[in-house]
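The structure appears right after this line, and notes come after that.
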Amino acid sequence: MIANTQGRKWIALLTTLLLLWGCGAAEHRAAAYYEKGKQLFEAGDYVKAQLELKNALQITPKHAEALYLLGLSAEKTKQWQTAFSAYTQALSVNPEHADARVRRGNLYLMTRVPEKALEEAKTVLEKTPEHPGALVLRGFVALQNHQLANAREDVQQALAKDPRHEYALLLSAWLYAKAGKTDLAIETLKTGIDSNQGSERLLQMLGNVYAQSGEDRHAADIFRQLISLDPDNVVYRTRLAALYARSGHIGDAEQVLRDAVERESTQTAHKLNLVNFIKAHR
């Protein structure tokens, strides 16, 4: 009887050890997936990064950092709904995740819900008054509300904290352009592009500033660069074609649009752009 009791105790102990080992092995696999996803994200392979991060989340669904990085990766591939969902889940796990809250606020701003964006910024700034992302988010809301002095104050604080902050540099350039200080806007954007590995957002604004100031050759150079970064973006090709047409290079403009059709022959948007262009210019 004593032997049976001791045997059952040993079996129970062994079972517990196996369960603990299994849990530890699962956590180790989740950590490995997360680290691999992080490496892929830093290398610019955002699609594969998302796969690795999703593998990590299958094992540990309440991994706030994996959810946050998944949101960043989704933003890079313009999967806005996926990004929003990932940030929301990260905040449900860790409501104090300031960066996830700011990124969700940026998406609110993008989808024209500025009051929600402002709520997110205020929530972060209540606990971290110098958070550059939250300051910039509040600054962009102020810009939308034509409160330019408030926007300038916020962006100056943000840049003092982080001179390379992508969105702070973007807001600063917006304010310079709005004030008619084109040279300062261009200088700010170039600085931002250099320090943010050729940021697509900053490049796009630089192209627009060049175009608005009549520097079509420089603007065309920028939009060609943007097309090389995102060949399937219809907006970039349409803008480049418009610049060529405005400069009198009708043939070059038409070729840009034809290249888009040849690249993705099933895309109706490309065909409509080409047909409308030919109708207008031929």
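Along the sequence shown, residues are numbered consecutively beginning with 1. Just so we're clear, the structure is a prediction, and the values are computed from it rather than from any experiment. Atom set for the values below is all heavy atoms of this structure, side chains included, hydrogens, waters and symmetry mates excluded.
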### Task
Tell me, with the steps shown, if Asn106 and Arg103 meet side chain to side chain contact (heavy atoms under 4.5 Å, CB included).
CA-CA 5 Å; Asn106 290 337; Arg103 300 302 297 203; 4.2 Å; yes
### Query
Could you walk me through whether Leu53 and Tyr33 pass the side chain to side chain contact (heavy atoms under 4.5 Å, CB included) check?
CA-CA 6 Å; Leu53 292 166; Tyr33 282 132; over 6 Å; no
### Query
Does the side chain to side chain contact (heavy atoms under 4.5 Å, CB included) test come out yes or no for Tyr34 and Thr60, once each step is laid out?
CA-CA 10 Å; Tyr34 170 73; Thr60 53; over 6 Å; no
### Task
Please step through side chain to side chain donor-acceptor pair (under 3.5 Å) for the pair Gln50 and Ser73, ending with a clear verdict.
CA-CA 6 Å; Gln50 288 181 63; Ser73 302; 5.5 Å; no
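Take Lys127 and apply the side chain to side chain donor-acceptor pair (under 3.5 Å) test, not counting sequence neighbours, and it matches Glu96. Every side chain to side chain donor-acceptor pair (under 3.5 Å) that Asn273 has, sequence neighbours left out, goes to Thr238. Lys62 meets the side chain to side chain donor-acceptor pair (under 3.5 Å) test with no other residue; sequence neighbours excluded.
Between Lys36 and Glu52 there is no salt bridge, since no side-chain N of the basic residue sits under 4.0 Å from a carboxylate O of the acidic one.
Screening Arg104, Glu75, His97 for a side chain to side chain donor-acceptor pair (under 3.5 Å) with Tyr87, the sole residue that qualifies is Glu75. When each of Glu119, Glu120, His131 is tested with Arg101 by the rule side chain to side chain donor-acceptor pair (under 3.5 Å), just one qualifies, namely Glu120.
A continuous path of ILVMFWY side-chain contacts below 4.5 Å connects Leu170 to Leu159, so both sit in one hydrophobic cluster.
At least one side-chain heavy atom of Ile186 sits under 4.5 Å from a side-chain heavy atom of Thr182. At a threshold of 4.5 Å between non-hydrogen side-chain atoms, the residues Ile227 and Asn233 do not count as touching. In this structure, the side chains of Pro163 and Thr191 stay at 4.5 Å or more apart for every pair of heavy atoms. For the pair Leu107 and Trp80, the minimum side-chain heavy-atom distance is below 4.5 Å. Contact annotation: the side chain of Tyr167 approaches that of Arg201 to within less than 4.5 Å [non-hydrogen atoms, C-beta and beyond]. Arg237 is listed as a side-chain neighbour of Pro231, based on a closest heavy-atom distance under 4.5 Å. Residues Leu229 and Leu203 are in side-chain contact: their nearest non-hydrogen atoms beyond the backbone lie under 4.5 Å apart. Here the side chains of Leu184 and Glu187 are in contact, with some heavy-atom distance below 4.5 Å.
Heavy atoms only, all atoms of each residue included: Ala211 and Ala219 are closest at N-CB, 3.7 Å. Considering all non-hydrogen atoms of both residues, Glu200 and Tyr236 come closest at OE2-OH, 2.7 Å. Taking both residues in full, the closest heavy atoms of Ala134 and Ala121 are given as O-CB, 3.6 Å, listed atom of the first, atom of the second, then distance. Of all the heavy atoms in Leu57 and Ala66, the pair that sits closest is CD2-CB, 3.9 Å. When all heavy atoms are compared, the tightest approach of Ala245 to Ala253 is N-CB, 3.9 Å. Closest approach of Lys190 and Leu206 over heavy atoms only: CG-CD2, 4.3 Å.
Remark: Glu215 CD to Ile222 CD1 distance equals 10.5 Å, nearest 0.5 Å. A distance of 10.0 Å separates CG of Leu175 from OG1 of Thr188, quoted to the nearest 0.5 Å.
The salt bridge (Lys or Arg N to Asp or Glu O under 4.0 Å) pairs that include a residue from residues 83-95 number zero, where partners must be two or more places apart or lie in different chains. Sorted by first and then second residue, the side-chain hydrogen bond (donor to acceptor under 3.5 Å, both in side chains) pairs with a member in residues 239-261 read Asn208-Arg239, Asp216-Arg246, Asp216-Ser247, Arg224-Tyr244, Glu254-Arg258, Glu254-Arg282, Gln255-Asp259; sequence neighbours excluded.
Below 30°, between 30° and 60°, or above 60°: for Tyr108 and Phe84 the angle between ring planes is above 60°, a perpendicular geometry.
Taking Ile, Leu, Val, Met, Phe, Trp and Tyr as members and joining any whose side-chain heavy atoms lie under 4.5 Å apart, directly or through other members, Leu91 forms no hydrophobic cluster with any other residue.
Judged by distance alone, the side chain of Asn196 and the main-chain N or O of Arg164 form a donor-acceptor pair under 3.5 Å. In this structure a side-chain-to-backbone donor-acceptor pair under 3.5 Å is missing from Ser172 to Ala168. With hydrogens and angles disregarded, no donor-acceptor distance shorter than 3.5 Å links the side chain of Ser85 to the backbone of Thr82.
A 6.0 Å sphere centred on CD of Gln197 holds no more than 12 heavy atoms belonging to other residues, nucleotides or ligands.
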